[in-house]
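Since the structure comes first, as structure tokens, the remarks are kept for the end.
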Amino acid sequence: MKSKEIRSQFLEFFKSKQHAIVPSAPMVVKNDPTLMFINSGMAPFKEYFLGNGKPKSNRIADTQKCLRVSGKHNDLEEVGMDTYHHTMFEMLGNWSFGDYFKKEAIEWAWELLTEVYKIDKDILYVTIFEGDESEGLARDTEAYNLWKQFVPEDRILNGNKKDNFWEMGDQGPCGPCSEIHVDIRSEEEKAKVAGKDLVNQDHPQVVEVWNLVFMQFNRKANGSLEKLAEQHVDTGMGFERLCTVLQNKQSNYDTDVFMPLIREIETITNSKYGEDEKKDIATRVIADHVRAVAFSIADGQLPSNTGAGYVIRRILRRAIRYGFTFLEKKEPFIYKLVETLSDQMGDAFPELIKEKNLITNVIREEEQSFLRTLDQGLLLLENVIETADSKEISGRKAFELYDTFGFPIDLTALILRERGYSLDEKEFDAELQKQKDRSRAATKVKTGDWIVLEEDDVEEFVGYDTLETQVRITRYRKVENKKDGEMYQFVFNLTPFYPEGGGQSGDKGYLKAADGGLTYIIDTKKENNLIIHFAKTLPRNLEGTFNAVVDGLYRSRTEANHTATHLLHQALRSVLGTHVTQKGSMVHSRNLRFDFSHFSKVTSEELKQIEDFVNARIREGITLEERRNIPYQQAIDEGAIALFGEKYGDAVRAIKFGNSMELCGGTHVQNTKDIWHFIITSEGAVASGIRRIEALTGDFAKQYFIDRSESFASIQNALNNAQDPLKAVESLQEENQNLQKQVKELLKDKAKNLKGDLKSEIEQINGVNFLAKKIDLDAAGLKDLAFEMGGETENLFLVFGSEQDGKALLACYISKELAAEKNLDAGKIVRELGKFIQGGGGGQPFFATAGGKNPAGIDEALEKAKEFLK
Ligand code: ATP
Ligand code: MG
């Protein structure tokens, strides 16, 4: 059975059991500070399990793109080493939100596996939770009895808390789970060791395929468990593992999910999969990682230096490094796999086809730049080896290479080994640990339990229509981290505060209590469908009504910027073409930032047109047409633009200004006139194929003009109030050029005189013309002088020293014939002498230079130069 059919049969099966089938959510998480990437099928539904929202159906099934490379689930180091853990994989899942529970979940799982997929019952094992005394939890006999209908009792195994009690995180919903494992070993192997002894023992052919989680509890901040009001089912089956079983393979990589990629890697790298373990690991790593990276880019997460982007960059670098070291690919090639990947998975995930160009370009560029880093790292490592004073290389040095240049430690170790050196790994590990501790301390967040003052279903957002309203606090909690210290988070029964989202920053403002006391709201964010208000203090009395007031000036400036991004988007598509799509935006009260796909620099002519386009829409005074709660499809049919990597509900809000129409949850001006004016302040590249424009509107645009005209006035002033400042500057530049020319001439003359003086100082030692002297010239000057003198004097051996800007320079010149005859090497000599100035250098046998940080050692170096002639 082809993987495509396996996927669709799963969905068909649960559809027949009245489940609504939904598309996979984007893999990159936006509104959840505790999660960077979706790491299991349940993550997009967290808000429902937490009771912060209602799903459209009580029964849902889907296939969800997951990534397990950070946080609680991190399989990165396993990937490629084994044959059944991936970074990115699909998790097939069915959910019950307060509807069916253990009985149906178990019966349907069995029916699907044994009757639809027709898996041989004799290769299946199941596990149930054995209970845990310290938590006061009993054995899950309910699950046991349900399994007993289908499975012989000796194949129902007890599992401990680690394997059979599932938790979302340190806090939140959790419960016992029941797993289904397969034993796909040969009959021969099975005869030797019983399958039940290998379950949950990391055996590559006895693996877990499906986990059925029964959510019954909520874990509180103090670690205790409380019963949930409603019981839920959350199941997750590894799609690639299922394919291995159904296609009678021994490894996920042998299925049609990975084979096309592996064949392509074989062709590109001219290697054969299945012959050499190291090459096989490298091939698996690359086949796996290209999927993770491609899907992330399609979902809008580009590789970068921080946060989620950095995780993606590290995954790609891991793949590049394996290719570099084990498949000997020294030039970019992983980007070529994107074609195969999108051919193969584009049907199920159309974003791969739509974003193919971008993915290819971004990966190619990342490969190029990391390969350059590797080259540079190799040079630096060479230097470390050359200057080492023992055969063991310091772990601190290796850490420096790793930390500052991204040079991978295993590559360092490998090269050292090849060269007969070893690495102080303990010291390296200690440095790494220190760094981890530092960053952990910086990001550690302590979150208290919600203290619920009032049960409330939905926290309605009224901020589109009003900036001020009466609210009650329904729950609050204390949070603490190193950066912000102690803070409080509040949820209201309704709120005028816009929570950060869609690129727009969250509202600020205050709460006014009946007694007049004020609590300042410093930020507003959305988390698991709750609108959370941040404050530094608690109101004296938490009960009763408050007047909630949004900072109107901050909001209106932000709105001007937000509407301007829509107009800018429209302008870009009209001036540059409809290939332009939004790749990110940041809308503050101060300015706006807009990232978009486009493959060349935007010319200043085009920028001018774009600015004019936006300003023309502003002058037209177009009134906002807002459509709330219209069906998604209707909005799209009417021409609204939706963004990739964004999760839309069935009902959406559309924002229309004239011909610009976008799906958007943000707040906007009532009329484009309110924006006043739009100025582009910069344009540049953020990644291959992605450009960024920054711009100002309103008050800040006005301030920009004022600043400009003030600095113009001061320039004019500095130019003695010249009527034409441009002309004045040009004549200054000309004058400056002439002066520079004169200085050059004078220096030349000086050098000529110097040469004459120096010639007379040359001494004869053992038939060699020798001179060692300190001279006030820069590196280029020293070189010119040395070569000129060399041209006029035979058998010459020169060493010059110089101090420039607090640094020391040495240059050594030896006539070619002399170098050959006496076997002298200027390169070696400057390296030796370099020790006196605490530096290093090199060059050729007849000319070499060294630089160092200790000018005080120059005299000694010159002193010692003579000894090379003895
Ligand atoms: P394992 O012990 O094999 O790592 P797990 O206990 O971490 O699995 P769950 O968190 O229960 O797995 O996830 C549900 C299912 O998702 C698993 O039964 C498995 O089939 C699949 N799965 C989990 N992690 C991976 C991965 N890294 N790559 C591929 N499939 C996975
Ligand atoms: Mg795992």
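For clarity, every value in this text was computed on a predicted model and none was experimentally measured. All ligand and atom numbering here is 1-based and tracks the order in the structure.
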Atom 15 (C) of ligand 1 - nearest protein heavy atom and its distance:
Gly236 O, 3.5 Å

May I ask you to decide whether Arg219 forms a salt bridge with Glu167, counting only side-chain N to carboxylate O separations under 4.0 Å?
yes

N/O donor-acceptor pair under 3.5 Å between Asp132 side chain and Glu135 backbone:
yes

Could you please spell out the steps behind the salt bridge (charged side-chain N to carboxylate O under 4.0 Å, His left out) verdict for Arg263 and Glu266?
CA-CA 5 Å; Arg263 290 277 170 265; Glu266 286 181 316; 2.8 Å; yes

Heavy-atom pairs closer than 4.0 Å: do any link ligand 1 to the side chain of His86, the backbone, both, or neither?
both

Nearest protein heavy atom to atom 27 (N) of ligand 1, by residue and atom, and its distance?
Asp75 OD2, 2.6 Å

Could you tell me if any non-hydrogen atom of Phe239 lies under 4.0 Å from any atom of ligand 1?
no

Any idea which atoms of ligand 1 are less than 4.0 Å away from a heavy-atom of Met91?
13 (O), 14 (C), 16 (O)

Please check this pair: side chain of Asn74 against backbone of Val69, looking for a donor-acceptor N/O pair closer than 3.5 Å.
yes

Verify whether one side chain among Tyr100 and Asn94 offers a donor that lies under 3.5 Å from an acceptor in the other.
yes

Taking only heavy atoms of Tyr84, which atoms of ligand 1 are found under 4.0 Å from at least one of them?
28 (N), 29 (C)

At the 4.0 Å heavy-atom cut-off, does Val209 count as touching ligand 1?
yes

Which residue holds the protein heavy atom closest to atom 10 (O) of ligand 1, what is that atom called, and what is the gap in Å?
Arg68 NH2, 2.9 Å

Does Tyr402 have its ring centroid less than 6.0 Å away from the ring centroid of Phe428?
yes

closest protein heavy atom to atom 29 (C) of ligand 1 is Phe89 CG, 3.5 Å

Is there a donor-acceptor contact under 3.5 Å linking the side chains of Thr235 and Trp95?
no

Taking only heavy atoms of Asn211, which atoms of ligand 1 are found under 4.0 Å from at least one of them?
11 (O)

Can you find an N/O atom of Arg241 closer than 3.5 Å to an N/O atom of ligand 1?
yes

Aromatic plane relationship, Trp166 with His73 - under 30° parallel, 30 to 60° tilted, over 60° perpendicular:
parallel

Among protein heavy atoms, which sits nearest to atom 21 (C) of ligand 1, and what does the distance come to when rounded to 0.1 Å?
Gly238 CA, 3.6 Å

How about His181 and Tyr125: are their ring centroids closer than 6.0 Å?
no

Which protein heavy atom lies closest to atom 4 (O) of ligand 1, and at what distance to 0.1 Å?
His85 NE2, 2.6 Å

Residue part near ligand 1, for Glu208, under 4.0 Å between non-hydrogen atoms:
both

